[in-house]
Amino acid sequence: MRIGELSERTRTSRRLLRYYEEQGLIVSQRSANGYRQYDERLVDRVMQIRGLLDAGLPTRIIKQILPCLDKPRAIHFPDATPEMLAALELERDRMTERIDCLTRNRDAVASYIDVVQNSRRTEAA
């Protein structure tokens with residue numbers, strides 16, 4: 001697929017996709033006319049990258065952990081520093097807090113929907 005389709009399917013600007021490519025997060029092939037061509041699997045990869053960026057991870061760390069997202073694969077990082085591991089642990093803990101908050105909010109919204117729908121059913125009966 002070309003960059004426009006990848007952009008539409010991931011709701012990511014073309015400029016940002018080019019940046020991901022410059023950072024080595026995604027790879028494209030060039031067609032005979034010079035257009036970028038992207039593999040179908042990059043739709044999920046771009047969504048993963050966006051999620052990690054939203055969680056606060058810098059692209060340099062994302063680039064290092066991307067192989068972990070392709071299972072099954074042997075994972076070995078000889079250049080993992082104590083600082084990098086500490087940063088990842090901090091981000092993991094932040095993600096867990098966000099997940100917990102989102103879960104509570106989702107449950108509250110679901111409860112509200114149930115109450116409203118049950119109230120409407122009672123009124124209609």
Side-chain angles (χ1 to χ4, degrees):
M1 84 186 81
R2 294 198 13 212
I3 194 168
E5 183 179 350
L6 183 60
S7 174
E8 286 178 25
R9 292 180 60 189
T10 61
R11 296 185 185 102
T12 304
S13 72
R14 294 172 189 208
R15 181 175 175 217
L16 199 49
L17 292 172
R18 286 187 206 97
Y19 174 74
Y20 293 169
E21 195 168 347
E22 287 172 14
Q23 297 299 307
L25 302 176
I26 62 174
V27 178
S28 69
Q29 304 296 318
R30 294 287 181 157
S31 62
N33 60 7
Y35 290 146
R36 287 178 170 89
Q37 293 290 329
Y38 295 93
D39 189 273
E40 179 71 26
R41 67 183 174 78
L42 288 180
V43 172
D44 288 336
R45 175 52 52 97
V46 169
M47 301 305 287
Q48 290 172 321
I49 292 167
R50 289 187 54 187
L52 292 168
L53 286 168
D54 288 346
L57 290 176
T59 55
R60 67 180 169 74
I61 292 179
I62 293 172
K63 184 176 179 180
Q64 291 178 318
I65 66 171
L66 280 175
C68 299
L69 303 176
D70 293 332
K71 301 286 183 186
R73 180 181 279 210
I75 300 168
H76 176 65
F77 294 112
D79 59 344
T81 64
E83 293 81 15
M84 178 184 148
L85 292 174
L88 286 172
E89 288 173 347
L90 178 65
E91 292 307 322
R92 179 204 56 210
D93 294 344
R94 285 183 53 219
M95 287 179 200
T96 299
E97 289 174 8
R98 287 183 64 202
I99 290 167
D100 292 344
C101 181
L102 287 169
T103 299
R104 285 190 308 272
N105 290 343
R106 182 207 57 211
D107 293 347
V109 168
S111 178
Y112 176 79
I113 291 168
D114 288 344
V115 168
V116 170
Q117 288 176 339
N118 287 335
S119 173
R120 288 186 178 167
R121 284 185 201 118
T122 302
E123 291 173 4

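Along the sequence shown, residues carry numbers from 1.
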* Give the C-alpha distance, both sets of side-chain angles, the deciding distance and a yes or no for side-chain contact (heavy atoms from CB on, under 4.5 Å) between D39 and R45. => CA-CA 10 Å; D39 189 273; R45 175 52 52 97; over 6 Å; no
* Apply the test side-chain contact (heavy atoms from CB on, under 4.5 Å) to residues V27 and L42: give CA-CA distance (whole Å), side-chain angles for both, the deciding distance (0.1 Å), then the verdict. => CA-CA 9 Å; V27 178; L42 288 180; 5.8 Å; no
* Asked: Can you list the steps and then say if V109 with N105 is a side-chain contact (heavy atoms from CB on, under 4.5 Å)?
  -> CA-CA 6 Å; V109 168; N105 290 343; 5.5 Å; no
* **Worked check of side-chain contact (heavy atoms from CB on, under 4.5 Å) between E8 and M1** => CA-CA 11 Å; E8 286 178 25; M1 84 186 81; over 6 Å; no
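Linking ILVMFWY residues whenever their side-chain heavy atoms come closer than 4.5 Å, directly or via other members, places L57 and Y19 in the same cluster.
Listed for the S7 side chain is no donor-acceptor partner under 3.5 Å among the backbone atoms of I3. A distance-only check finds a donor-acceptor pair linking the side chain of T103 to the backbone of I99 [under 3.5 Å]. Without hydrogens or angle criteria, T122 side chain to N118 main chain gives a donor-acceptor distance under 3.5 Å.
The environment of R30 atom CZ is dense: over 12 non-hydrogen atoms of other residues, nucleotides or ligands sit within 6.0 angstrom.
Pairing each heavy atom of S31 with each of Q37, the nearest pair is CB-CG, 4.0 Å. Considering all non-hydrogen atoms of both residues, T59 and Q23 come closest at OG1-OE1, 3.5 Å. Between R98 and A55, the shortest heavy-atom distance links the atoms NH1-CA, 3.5 Å.
A distance of 12.5 Å separates CD in Q48 from CD1 in I26, rounded to the nearest 0.5 Å. Atom-to-atom distance recorded for R121:CZ and D114:CG is 8.0 Å, nearest 0.5 angstrom. Put simply, CG on L17 and CD on E22 are 11.5 Å apart, with the number rounded to the nearest 0.5 Å. We find the CG-CE distance between D44 and M47 to be 8.5 Å, quoted to the nearest 0.5 Å. The CG atom of L88 sits 11.0 Å away from atom CG of D93, with the distance rounded to the nearest 0.5 Å.
A 4.5 Å side-chain heavy-atom check between Y20 and L53 finds at least one atom pair inside the cut-off. Put simply, the side chain of E5 does not reach to within 4.5 Å of the side chain of V43, judged on heavy atoms.
Of the charged side-chain nitrogens involved, at least one lies within less than 4.0 Å of a carboxylate oxygen, so that R94 and E91 count as a salt-bridged pair.
There is a side-chain donor-acceptor pair under 3.5 Å between T12 and R50. Between the side chains of R120 and Q117, no donor N or O sits under 3.5 Å from an acceptor N or O.
Only one option out of R2, R18, Q29 pairs with R36 in a side-chain contact (heavy atoms from CB on, under 4.5 Å); it is R18.
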